[in-house]
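See structure below.
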Amino acid sequence: TARILAPPVYWIGLKEHPYVDIYVYERLNRQMGMSVAQFLDETRPDFVITDARIATERRVERLLYNELDARAQRQLVVRHKNYGDVAVSRLPW
């Protein structure tokens, strides 16, 4: 079963999969000083879902999204009327 890293809004449709809320990284970074690389190595998501609603100017989230862009291979992008571009990317473990 594929492991998913995504905003909580997508969980209900993917509840059969191991699922990590993408916002967990911010908390782990703040409380434990966890780096993006450590977070991804710990959670080892197979797929990452991002959308325009989670785009932010906050430094900690930019770090995560930059690392995901560098590591992940985009598989699909669809336009959603409320969430903008929704991208599904795969991480090559």
Side-chain heavy atoms of L64 within contact of V60, under 4.5 Å = no

message = Side chains of V36 and L68, heavy atoms from C-beta outward: is any pair under 4.5 Å?
response = no

remark   = Of all heavy-atom pairs linking R3 and R44, the shortest is NE-O, 2.6 Å

key: Close side-chain approach of M32 to Q38, heavy-atom, < 4.5 Å   = no

query = Mind checking whether L40 and R71 have side chains closer than 4.5 Å, heavy atoms only?
reply = yes

inquiry  = Taking the side chain as everything from C-beta on, heavy atoms only, tell me whether Y10 gets closer than 4.5 Å to D21.
reply    = no

inquiry  = Is any side-chain heavy atom of D46 closer than 4.5 Å to one of I4?
reply    = no

query = Judged by atom type as modelled, is there a donor-acceptor pair below 3.5 Å linking the side chain of Q31 to the main-chain atoms of N29?
reply = no

ask   = Can you find a heavy atom in the side chain of V9 that is under 4.5 Å from one in the side chain of Y83?
value = yes

note = Tightest non-hydrogen contact, residues I22 and I49, listed as CD1-O, 4.3 Å

note = dist E42:CD -> Y25:OH (nearest 0.5 Å) comes out at 12.5 Å

request  = Measure the CZ-CG distance between R59 and N66 for me, rounded to the nearest 0.5 Å.
outcome  = 11.5 Å

key: Rounded distance [0.5 Å steps], CD in E67 versus CZ in F39   = 12.0 Å

query = Taking H17 for the side chain and T1 for the main chain, is one N or O donor matched with an acceptor at less than 3.5 Å?
reply = no

Donor-acceptor contacts under 3.5 Å from residues 86-93 side chains, at least two apart:
{"from": "W93", "atom 1": "NE1", "to": "P45", "atom 2": "O", "distance (Å)": "2.6"}

Contacts of Y19 that satisfy side-chain hydrogen bond (donor to acceptor under 3.5 Å, both in side chains) - sequence neighbours left out = none

task = Kindly write out the residues that satisfy side-chain hydrogen bond (donor to acceptor under 3.5 Å, both in side chains) with R79, not counting sequence neighbours, or none if the list is empty.
result = D85

